[in-house]
Number of protein chains: 2
Amino acid sequence: MSDLKPPSFVSAQMVADRAGVSRSAVSRTFTDGASVSEATRRKVLEAADALGYHVNHLARGLRERSNIVCLVVADMTTPIRARMVDVLTRKLQASGKITMVINTETDTESVSAALRQTLNYRADATVVLSGTPPASLIETCLANGQQVILINRDERLQGSSNLGVDNAMAGREALFLLRRAGCERLGLITSNAHTASLVEREKVFVAAAAAEGVQVVVTEAGPTSYESGQEAARRVFGRSEAPDGVFCVTDLLALGFMDVARQDFGLKIPDDLCVVGFDDIEQAGWASYQLTTFRQPLNPMADEVVDLLLQPQRAVSERRMIEPIPVWRRSVRPGKH
Amino acid sequence: MSDLKPPSFVSAQMVADRAGVSRSAVSRTFTDGASVSEATRRKVLEAADALGYHVNHLARGLRERSNIVCLVVADMTTPIRARMVDVLTRKLQASGKITMVINTETDTESVSAALRQTLNYRADATVVLSGTPPASLIETCLANGQQVILINRDERLQGSSNLGVDNAMAGREALFLLRRAGCERLGLITSNAHTASLVEREKVFVAAAAAEGVQVVVTEAGPTSYESGQEAARRVFGRSEAPDGVFCVTDLLALGFMDVARQDFGLKIPDDLCVVGFDDIEQAGWASYQLTTFRQPLNPMADEVVDLLLQPQRAVSERRMIEPIPVWRRSVRPGKH
DNA sequence: ATAGCGATTGCACACAAGTGCATTTTTTCG
DNA sequence: CGAAAAAATGCACTTGTGTGCAATCGCTAT
């Protein structure tokens with residue numbers, strides 16, 4: 001009773017001993033397509049079950065691929081990021097991968113550290129959702145046979161697989177929707193994050209407006225969040241000439257903007273003010289908001305990621321672009337026909 | 001130029017060869033407190049840098065602890081879960097652990113599969129946020145030296161460390177708030193998930209009301225979500241005797257409930273109807289809702305988890321209870337003094 | 001100069017798996 | 001029944017680490 005050895009994982013050797021076979025037999029039992037007789041197989045499985053044996057995937061990963069995929073992500077509480085992580089972990093799991101999440105800041109140093117962790121754990125691939133890693137580190141990953149997949153990141157990094165939504169299309173379409181609704185004084189709300197995606201949406205929107213001879217008042221608030229949207233609205237409607245149509249580069253910004261516009265400035269949406277967002281987070285569809293926005297097609301994006309993982313040779317660096325899906329709700333007046 | 005060998009990870013041996021030292025020297029260079037002269041150390045670091053060497057944590061995990069912690073979670077898109085995952089990954093990382101996320105359904109079979117994966121990857125510990133694993137499997141984990149930490153789960157499982165918020169307190173306090181606001185006809189909205197936490201909040205609320213001689217109409221909607229809250233509101237206000245004070249066992253339910261109550265039934269909150277939620281998700285604080293609710297103290301909970309990991313002997317099964325923090329907002333009338 | 005001593009270093013093993021190859025065992029077929 | 005083919009098995013090596021142990025190196029003190 002007194003010999004309490006510290007509990008530890010049971011190895012294939014122990015199973016072999018108990019079943020009265022060689023360790024190879026145990027290994028073969030748990031390897032698809034290996035040659036084991038039904039008799040020994042049964043003995044092994046029985047012993048394994050009795051001892052609570054589980055194949056050590058770390059040891060397996062020593063020889064071949066580890067089946068580990070790292071997800072580098074910041075701002076995980078953001079609804080859109082949470083959904084991305086959810087969808088990706090789901091799909092990766094379904095294709096036999098396991099996900100390691102590295103929760104990082106967006107600054108380069110944090111992302112670099114994250115990427116190095118990724119190498120430490122011999123991940124088959126790293127999927128970067130936030131921040132932009134330095135090119136040299138990406139090269140190191142590639143040199144080590146690790147795939148790097150960047151989602152909605154700056155596309156100038158060579159060697160990595162790039163994947164993102166068509167921000168330009170959203171910018172153009174946002175303008176079209178607001179103009180069709182009869183908006184004359186346009187505004188654009190963005191954050192101080194200056195992500196490539198955000199910047200592109202902004203640029204294209206402003207350019208498209210300029211092409212129609214319409215000016216856009218650009219307001220830059222704090223980080224990408226509900227509160228920043230509120231702050232932006234207070235600034236925008238505190239000025240003399242208030243807009244009657246606004247494109248917020250993110251749903252979260254849009255929702256904060258809407259709340260302040262309605263509650264603090266008494267505006268009716270869409271009668272006095274039309275709002276367009278981007279992402280189609282769950283809350284955009286809530287009854288209080290009914291925000292017209294662009295859905296990031298997360299499932300197709302995740303499918304694409306899995307596809308890239310399974311066929312690494314496809315990963316030759318040109319950027320795969322996915323069309324966002326316009327979602328018409330009530331925050332924009334319908335066009336008159 | 002033509003010998004393009006497939007890229008693969010660089011090992012300590014390669015570094016040793018390049019630096020002209022033994023592999024042990026390389027290993028010691030990257031091990032704290034090991035004995036290496038400054039000269040070889042420099043040579044090794046230089047070679048490692050040139051080759052892009054990174055210690056293989058999987059191989060390291062073969063001998064000692066893996067530093068891997070598995071997070072078993074369902075419904076990751078739910079704001080409260082997203083925050084939990086965020087906080088946990090952050091804190092675990094800060095204490096030198098890496099997080100594997102297993103995204104599962106809540107049914108026992110899925111959770112079991114997840115737990116087995118956990119064993120396959122030799123995780124030091126498994127943290128279960130959703131679903132309830134069978135006791136036998138928990139025993140297997142423990143027998144293999146793996147800690148099991150259940151958060152907000154049913155507390156009857158022995159051997160595991162249990163950790164959760166004080167649901168009873170929330171139930172009592174919710175009743176107190178609604179009664180103080182002068183509510184006479186009480187309602188409780190719950191989902192069909194029947195989690196131990198949800199059930200306890202419900203039971204205590206109903207019991208506390210009974211103790212005051214007040215009846216509670218309990219409405220059970222679909223899964224725990226905004227839509228279920230909407231559905232519940234339609235049912236509740238379609239009936240003859242509508243409540244003037246409602247406790248929703250979850251913020252998401254509460255927000256859906258509020259939207260329908262206001263927009264479809266023209267009720268004013270808190271004048272015609274008081275609402276109390278639970279979780280304090282970000283949206284509960286948004287201007288459109290201003291929901292009075294109970295905050296789950298996620299940071300202290302995560303600290304507790306990390307604490308349990310670092311001092312495994314403390315993990316002796318009694319349930320650690322954390323007080324939720326009441327957050328007073330405008331969805332409940334203040335009491336009259 | 002040489003013994004003594006502490007700091008380095010390398011060998012060899014352990015960790016837990018998968019697998020090529022040679023060796024048995026079983027099955028099949030003449 | 002016996003030979004050939006097929007299937008099953010075990011040995012030994014591989015993967016990349018960390019580390020105990022013994023050997024070596026460099027330095028100091030006698």
Side-chain angles (χ1 to χ4, degrees), chain A residues 6-45 47-48 51-68 119-124 144-146, chain B residues 5-45 47-48 51-68 117 119-124 144-146:
Chain A
S8 84
F9 287 94
V10 10
S11 72
Q13 185 62 61
M14 304 186 202
V15 176
D17 291 347
R18 173 159 180 144
V21 299
S22 79
R23 197 187 54 72
S24 307
V26 178
S27 186
R28 290 198 170 96
T29 300
F30 292 101
T31 307
D32 276 357
S35 167
V36 210
S37 75
E38 195 50 40
T40 56
R41 182 189 175 72
R42 248 206 323 277
K43 278 192 290 184
V44 167
L45 286 179
L51 294 174
Y53 170 71
H54 293 258
V55 176
N56 186 335
H57 280 26
L58 303 185
R60 174 182 281 173
L62 270 192
R63 317 190 78 251
E64 35 207 284
R65 298 216 317 295
S66 66
N67 284 331
I68 295 174
L119 290 169
N120 284 131
Y121 280 100
R122 294 315 190 242
D124 295 342
N144 281 357
Q146 185 182 79
Chain B
K5 51 199 165 191
S8 85
F9 288 94
V10 11
S11 70
Q13 185 61 63
M14 304 186 201
V15 176
D17 291 347
R18 174 160 179 141
V21 298
S22 78
R23 196 186 55 71
S24 306
V26 178
S27 185
R28 287 195 240 269
T29 300
F30 292 101
T31 307
D32 276 358
S35 167
V36 211
S37 74
E38 193 51 38
T40 55
R41 182 190 175 72
R42 249 207 321 279
K43 279 193 289 182
V44 167
L45 286 179
L51 294 175
Y53 170 71
H54 293 257
V55 177
N56 187 335
H57 280 26
L58 303 186
R60 175 182 280 174
L62 270 191
R63 318 190 75 252
E64 35 206 281
R65 299 217 317 293
S66 66
N67 285 330
I68 294 174
Q117 274 249 313
L119 290 169
N120 283 331
Y121 280 99
R122 293 314 190 244
D124 295 342
N144 282 353
Q146 185 181 78

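Just so we're on the same page: letters track the sequence lines, and every chain starts at 1.
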Closest to the [X] side chain: [options]?
| X | options | answer |
| --- | --- | --- |
| Asn56(B) | dG16(D), dG18(D), dG10(C) | dG16(D) |
| Arg60(B) | dG18(C), dC15(C), dG18(D) | dG18(D) |
| Leu62(B) | dC13(D), dA16(C), dT17(D) | dA16(C) |
| Arg122(A) | dG16(D), dA16(C), dT9(D) | dG16(D) |
| Ala59(B) | dG10(C), dT17(D), dA16(C) | dT17(D) |
| Arg28(A) | dG10(C), dA17(C), dC21(C) | dC21(C) |

Just to be sure I understand the rule, does [X] reach a base, reach only the sugar-phosphate, or reach nothing, if contact means heavy atoms closer than 4.0 Å?
| X | value |
| --- | --- |
| Tyr53(B) | sugar-phosphate |
| Ser27(B) | base |
| Gln13(B) | nothing |

Five-pair end axes of the helix from dA1(C)-dT30(D) to dG30(C)-dC1(D) and the angle they enclose, rounded to 10°: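 The angle, to the nearest 10 degrees, is 40°.
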
It should be established whether [X] places a side-chain nitrogen or oxygen under 4.0 Å from OP1 or OP2 of nucleotide [N].
| X | N | value |
| --- | --- | --- |
| Arg41(B) | dA7(C) | no |
| Ser37(B) | dT9(C) | yes |
| Ser35(A) | dA8(D) | yes |

Ignoring hydrogens and angles, are the base of [N] and the side chain of [X] linked by a donor-acceptor pair under 3.5 Å?
| X | N | answer |
| --- | --- | --- |
| Ser22(A) | dC11(D) | no |
| Arg65(B) | dG18(D) | no |
| Ser24(B) | dC11(C) | yes |
| Arg63(B) | dG16(D) | no |

With His57(A), which residues qualify under ring-ring contact (aromatic ring centres under 6.0 Å, His included), at least two apart?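 Per chain and number, His57(A) pairs via ring-ring contact (aromatic ring centres under 6.0 Å, His included) with Tyr121(B).
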
